Structure formats: structure tokens, C-alpha cells
Amino acid sequence: MTADRPRPAPGASGASPSRPRPRLPVKQLLLVLGLVATVYAAALLVWGDSPRTSLARLWSLNGLQAASLCLLSYGLRGLRWRFWMAHYARHFGLLQGLRLYLAGYAFTPTPGNVGEAVRGLVLAREPLSVRQSLALFGAERLADLLCLLLLCLPAAAWAWEQGVIQRMPVWVAWLLLGGAVAAMLAAVVLFRLRQGGLRLPGWLQDAWTCLRVRPLAWFSLTLAAWSAQGVAVWLVCSDMGLSLGLATATGFYAVAMVGGALSALPAGLGGTEAVLTGLLVAYGAAAGSALGMTVMVRLLTLWLAVATGLLALLYSAAIARDISFR
């Protein structure tokens with residue numbers, strides 16, 4: 001009999017070539033950043049305060065508190081990602097894990113935020129497989145959606161009390177009804193998965209496996225993270241003169257985030273802004289003020305994350321060398 005050939009050690013000579021690294025779409029990211037900055041500045045110039053006056057609000061006490069809450073939100077989600085990575089036997093120190101997670105925000109301006117799925121693929125040592133990376137990304141999005149839907153409840157209660165739901169167009173009502181039905185069906189599917197009565201193929205099954213890891217921990221971290229951004233929205237609105245309840249402000253932001261996600265546009269651009277501005281106007285804000293609040297909210301909750309992610313990505317790739325695109 002022929003003796004079995006020993007398998008080469010990972011990284012040793014003769015090993016199968018490593019899979020190609022994804023390339024950073026620098027030009028596309030810069031194009032999106034430049035386009036959004038131009039649109040935001042034009043919107044403020046035409047309908048609201050001047051861009052310089054509006055941006056100066058970021059340095060007010062409320063603005064700095066809101067920015068701190070957004071950074072806290074990113075950190076909480078980074079802790080969630082870190083223990084899910086530990087599920088795949090990728091262990092990082094606290095600061096390193098948070099930095100690697102933040103680096104993924106550089107890819108947020110992609111349709112459905114799917115670019116964030118490369119977090120595990122670009123690790124210089126022991127990167128995740130494509131299936132594992134997609135599974136972790138799917139678990140993140142499912143956890144976010146669950147908590148955002150819960151945070152939408154105060155906004156739904158306000159809309160019912162004010163008769164907004166009763167006065168909305170029929171097609172919008174049907175859209176909301178369809179979303180509720182889809183959420184219930186998703187809950188049934190997840191229940192069947194847990195009971196073993198239904199199996200999903202590939203990475204979706206792996207995503208469910210991730211969600212079964214420390215469910216109380218990831219639920220608490222996710223809910224706290226999105227609630228922190230809701231408080232940031234409330235601070236921005238208060239700083240710009242709109243007396244908005246804390247729960248209602250959080251609910252408005254959650255509804256806008258869900259609406260932006262349904263649009264499948266890069267980072268929900270356009271959809272999130274339109275929904276949040278519309279809700280603020282419905283609450284009683286002037287159109288220009290509502291637009292200014294929305295721009296401030298998005299600068300803090302989205303573009304602060306992208307800027308932080310770009311810095312973390314450059315540091316991780318050029319100095320720490322724990323991210324590689326080769």
C-alpha cells in the first residue's frame with residue numbers, strides 16, 4: 001500500500017495558494033464621500049443654515065455629547081463582533097478587536113452596507129472564509145434589525161395617537177402591513193430553526209449559529225448601541241430647538257434606519273434622510289430645520305463612523321499590519 005502523504009502545514013512551502021485578497025475600492029469610496037459632502041452642503045445652503053453655522057453646532061456641548069454617544073455605539077457593536085469572532089476561534093485583545101471592527105466602517109457606503117462583510121476577509125493572519133464572513137455579517141444585520149424594530153415602537157405609538165397612520169396613503173399602509181407580516185414570518189422561521197424543524201443552506205445557517213452564541217449578550221449590546229444613537233438624535237434635535245421626547249426621537253431614528261435599509265442604497269443614503277426629515281416635519285419642525293437636524297444626525301451617526309473607519313483601516317494596514325489586501 002502507498003503511504004499517505006503528509007499534509008503541508010498552513011503557510012509552509014507546497015501549501016495551496018491562499019485565496020486572493022479583496023481590493024479596497026478607494027476611488028468608489030472617495031466618489032461617494034465627495035458626492036455626499038456636496039449634496040449635504042448644498043441642502044444646508046439652500047434650505048437650512050449655512051454649512052459653516054450648522055457644522056459649528058457639532059462643537060457645542062450637546063454636539064460633543066452626541067458624538068461621544070455615537071462612538072460608544074460603535075464600541076458596543078465592536079464588542080459584539082469580537083465575541084462572534086471568538087466563536088470562529090479568532091481571538092483579539094480588546095483594543096485590537098475594536099480597531100479591526102471600526103476599520104470595517106470604511107466600507108459602509110456600499111449597497112445594504114454589504115461592504116462591511118470584508119471585515120473578516122482582510123485579516124492579515126487567519127482570515128475568515130467567505131462563508132464565515134457572510135454569516136457573521138448576516139448575524140449582525142439580523143441583530144440590528146430586531147433591535148431597531150423594537151425601538152420603532154414609540155414612533156408607531158406617536159403616529160397612531162396623532163392620527164398619522166390613519167391619514168397616510170393606502171400604499172404606505174399596505175407597505176407597513178407587509179413589513180409587519182414579513183417580520184412575523186421571519187420570527188416563525190427563526191423559531192422553526194431553533195426547534196430543528198427547518199434548515200437553511202450555507203451561510204444563513206451559520207448566521208443563525210452565530211445568533212445562538214451568547215444571545216443575551218449580543219441582544220443587550222445591540223439594543224444599547226442603537227439606543228445610544230437614539231439619545232444622540234434627541235440631543236441634536238434639542239440643540240436645534242425641537243422639543244422632542246427621548247423615546248420618540250429614538251423611535252424616529254429607528255424608523256429612518258429601517259427605511260434606509262429597505263432602500264438598499266449605499267448606507268441607506270437618501271432613504272434614511274427622507275424618512276427622518278419627513279418624520280421631523282410631521283412632528284412640527286420647519287422643513288429647513290428638519291433637514292438641518294437630519295444632516296447633523298447623519299454626520300454623527302454615519303459619517304463619523306466612516307471617517308473613524310478610514311483612520312482605523314489605514315493604521316491597521318500600514319502600521320499594525322494586521323489587515324492586508326494582498
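Note that the structure is predicted; figures quoted are calculated from it, not measured.
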Taking [X] for its side chain and [Y] for its backbone only, find out whether a donor-acceptor pair lies under 3.5 Å.
X: R298; Y: W303; value: no
X: Q162; Y: A159; value: no
X: R90; Y: E126; value: yes
X: T248; Y: L244; value: no

If I compare all heavy atoms of [X] with all of [Y], which pair ends up nearest, and what's the gap?
X: A67; Y: L304; answer: O-CD2, 4.0 Å
X: G104; Y: E116; answer: O-CG, 3.6 Å
X: V258; Y: C152; answer: CG2-SG, 4.2 Å
X: S73; Y: A225; answer: OG-O, 2.9 Å
X: A232; Y: C70; answer: CB-SG, 3.9 Å
X: A117; Y: L134; answer: CB-CD2, 4.2 Å

Using side-chain heavy atoms (C-beta onward) and a distance below 4.5 Å, is [X] in contact with [Y]?
X: V233; Y: F252; value: no
X: F219; Y: L150; value: yes
X: H87; Y: C210; value: yes
X: R82; Y: L94; value: yes
X: V306; Y: P109; value: yes
X: L79; Y: L98; value: yes
X: M257; Y: T272; value: yes
X: T308; Y: L71; value: yes

Nearest 0.5 Å please: distance from the [atom1] atom of [X] over to the [atom2] atom of [Y].
X: Y315; Y: R99; atom1: OH; atom2: CZ; result: 6.0 Å
X: Y101; Y: W84; atom1: OH; atom2: CH2; result: 9.5 Å
X: L102; Y: L310; atom1: CG; atom2: CG; result: 11.5 Å
X: T222; Y: L145; atom1: OG1; atom2: CG; result: 11.5 Å
X: L246; Y: C237; atom1: CG; atom2: SG; result: 11.0 Å
X: L148; Y: R141; atom1: CG; atom2: CZ; result: 9.5 Å

Q) Hey, does the Lys NZ or Arg CZ of R119 hover above the aromatic six-ring of F137, less than 6.0 Å from the centre and inside 45° of the axis? A)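 No; the conditions do not both hold, so R119 does not lie above the ring face of F137.
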Q.
Less than 6.0 angstrom from the centroid, inside 45 degrees of the normal: does R77 satisfy that with respect to the ring of W226?
A.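 Yes.
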Q. Would F107 and L311 show up in the same hydrophobic cluster when neighbours are defined by side-chain heavy atoms closer than 4.5 Å?
A.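 Different clusters.
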Q) Is there a path from V213 to L211 through hydrophobic residues (I, L, V, M, F, W, Y) whose side chains come within less than 4.5 Å of each other? A)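 Per the 4.5 Å side-chain linkage, V213 and L211 are co-clustered.
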Q.
For a side chain to side chain contact (heavy atoms under 4.5 Å, CB included) check, start with the C-alpha distance between Q65 and L61, then their side-chain angles and the critical distance, and finish with the verdict.
A. CA-CA 6 Å; Q65 288 176 332; L61 178 60; 4.1 Å; yes
Q. Among V255, L146, T250, which residue meets the side chain to side chain contact (heavy atoms under 4.5 Å, CB included) test with L151?
A.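 With L151 as partner, side chain to side chain contact (heavy atoms under 4.5 Å, CB included) holds for just one option, T250.
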**Q.** Ring-ring centroid check F83 W218, cutoff 6.0 Å
**A.**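 Ring centroids of F83 and W218 are no less than 6.0 Å from each other.
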Q: Given side chain to side chain contact (heavy atoms under 4.5 Å, CB included), test L276 with M293 step by step and report yes or no.
A: CA-CA 9 Å; L276 184 56; M293 294 175 206; over 6 Å; no
